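Fair warning: this is a prediction, and the values are worked out from it, not measured in the lab. The basis for the numbers below is simple: all heavy atoms, side chains too, and nothing from hydrogens, waters or symmetry mates.
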Amino acid sequence: CMNFEKSNIVIVDDDISVRRSLARLFRSEKVVVRTFESAEEFLDSSVQANPSCIILDLMMPGMNGFEVLQKLRETDTESKLPVLVVTQYYLNDLERQILKKRHIVGYLNKTASMERILFEVNNNLFPQEKKDRKTYRAPVNLPVTFRADGETVISMAFNLSLEGIFIIIQDREPPKTNDKIKVKFWIPNTDRLIELEGEVMWRNGFGEALKKSHPPGIGVKFSGMDEE
């Protein structure tokens, strides 16, 4: 599990609904979230030199996101902090190459789920956590069925690896840590139903103890996974 304690997240986007949605996603008592409606407002501020992560729109009135990245590069700030581009703009090959040279950590379309944006920010705020994992953890939005305590529940996955899965559970309290469960899901573009047993390694229940880095749900470690 990861948390956002002492993180300082900056959101630069001219769309007020996007700013509000992302701010709600990250804001907690231990997180500083600052929003800016224009590139100029952000660059004129005193926070540009020390954010933990910048979530940047590309198409804004006045100065656009490409120009923001250039300004950060000129001040040698760009290479020292993660910039995640979140835009509704379709990138052509040349623009993708430009972003790659600007050292951004990734880009997502604004149609991406809040969970996907959360996953990407997590990966880049806590690179050591990512490095310590045995296998790559991929953001997914797959239907998942699991059975625990004689009850079958249909839900969605948050991320998936060869070692386990995080299952979102928003309509009930998640199973307890160390509970044994059975999990079923389909991998996209395959014809095989995956059926595995697993153990709940950690849970994100409701209430004040809810971890801000994940939605409510359970982290499940697979058992009996064969090589195929």
Side-chain angles (χ1 to χ4, degrees), residues 1-9 11 17-33 35 52-53 55 84 86 106 108 110-126 129-130 132-133 135-188 194-223:
C1 171
M2 297 171 285
N3 62 70
F4 289 119
E5 184 175 358
K6 298 181 180 179
S7 297
N8 177 0
I9 296 175
I11 300 165
S17 63
V18 172
R19 294 198 307 272
R20 286 177 174 173
S21 297
L22 291 175
R24 283 196 299 268
L25 178 67
F26 292 108
R27 185 166 284 136
S28 74
E29 294 180 0
K30 297 181 180 180
V31 180
V32 176
V33 180
T35 63
S52 307
C53 179
I55 299 177
L84 176 66
V86 179
L108 296 172
K110 286 184 178 178
T111 58
S113 66
M114 290 294 105
E115 289 85 3
R116 175 64 189 273
I117 295 173
L118 182 67
F119 180 94
E120 294 296 339
V121 173
N122 252 332
N123 266 355
N124 291 287
L125 282 183
F126 308 100
E129 296 276 356
K130 181 179 178 180
D132 290 343
R133 296 189 195 108
T135 58
Y136 175 71
R137 201 167 57 160
V140 292
N141 198 18
L142 298 175
V144 176
T145 299
F146 72 90
R147 186 168 181 80
D149 295 328
E151 182 181 15
T152 300
V153 179
I154 300 175
S155 191
M156 301 295 292
F158 177 52
N159 58 53
L160 175 67
S161 75
L162 291 177
E163 297 174 292
I165 191 170
F166 186 90
I167 302 173
I168 301 171
I169 305 174
Q170 296 182 319
D171 60 349
R172 68 195 71 205
E173 276 294 329
K176 297 180 177 61
T177 304
N178 301 130
D179 279 1
K180 307 294 184 181
I181 69 172
K182 294 183 178 181
V183 182
K184 294 182 182 180
F185 57 90
W186 291 91
I187 296 293
I194 306 297
E195 299 184 69
L196 293 166
E197 293 184 352
E199 179 180 353
V200 178
M201 304 305 293
W202 70 276
R203 68 194 295 271
N204 203 22
F206 297 94
E208 294 182 2
L210 181 69
K211 301 174 181 65
K212 301 298 181 181
S213 59
H214 286 68
I218 51 175
V220 179
K221 182 178 180 180
F222 295 140
S223 59

Are Asn178 and Met201 close enough, and set up right, to give a side-chain contact (heavy atoms from CB on, under 4.5 Å), and what steps lead you there?
CA-CA 6 Å; Asn178 301 130; Met201 304 305 293; 5.6 Å; no
Got a donor-acceptor contact below 3.5 angstrom from the Arg203 side chain to the Pro174 backbone?
yes
Closer than 3.5 angstrom, by distance alone: can the side chain of Thr177 be matched with the main-chain N or O of Trp202 as a donor-acceptor pair?
no
side-chain hydrogen bond (donor to acceptor under 3.5 Å, both in side chains) partners for Lys180, two or more places apart:
Glu199
For Arg20, all residues meeting side-chain hydrogen bond (donor to acceptor under 3.5 Å, both in side chains), sequence neighbours excluded
none
Euclidean distance, [Y] [atom2] relative to [X] [atom1], rounded to 0.5 Å:
{"X": "Ile218", "Y": "Asn204", "atom1": "CD1", "atom2": "CG", "result": "11.0 Å"}
{"X": "Trp186", "Y": "Ile194", "atom1": "CH2", "atom2": "CD1", "result": "9.0 Å"}
{"X": "Ile165", "Y": "Leu162", "atom1": "CD1", "atom2": "CG", "result": "12.0 Å"}
{"X": "Ser223", "Y": "Lys182", "atom1": "OG", "atom2": "NZ", "result": "10.5 Å"}
{"X": "Arg24", "Y": "Arg19", "atom1": "CZ", "atom2": "CZ", "result": "12.0 Å"}
{"X": "Ile117", "Y": "Ile55", "atom1": "CD1", "atom2": "CD1", "result": "6.5 Å"}

Side-chain touch [X]/[Y], heavy atoms, less than 4.5 angstrom:
{"X": "Leu84", "Y": "Val121", "result": "yes"}
{"X": "Val220", "Y": "Ile181", "result": "yes"}
{"X": "Phe146", "Y": "Pro175", "result": "yes"}

Salt bridge (Lys or Arg N to Asp or Glu O under 4.0 Å) between Arg147 and Glu195: does it pass, once the steps are laid out?
CA-CA 11 Å; Arg147 186 168 181 80; Glu195 299 184 69; over 6 Å; no
Would you name the heavy atoms of Ala23 and Ile11 that are closest together and state the gap between them?
N-CD1, 3.7 Å
What residues form a side chain to side chain contact (heavy atoms under 4.5 Å, CB included) with [X], not counting sequence neighbours?
{"X": "Thr145", "answer": "Thr152, Ile154, Lys184"}
{"X": "Lys110", "answer": "Asp13, Asp15, Val18, Asp57, Val86, Gln88"}
{"X": "Leu142", "answer": "Val140, Ala157, Leu160, Phe185, Pro188"}
{"X": "Asn141", "answer": "Met156"}

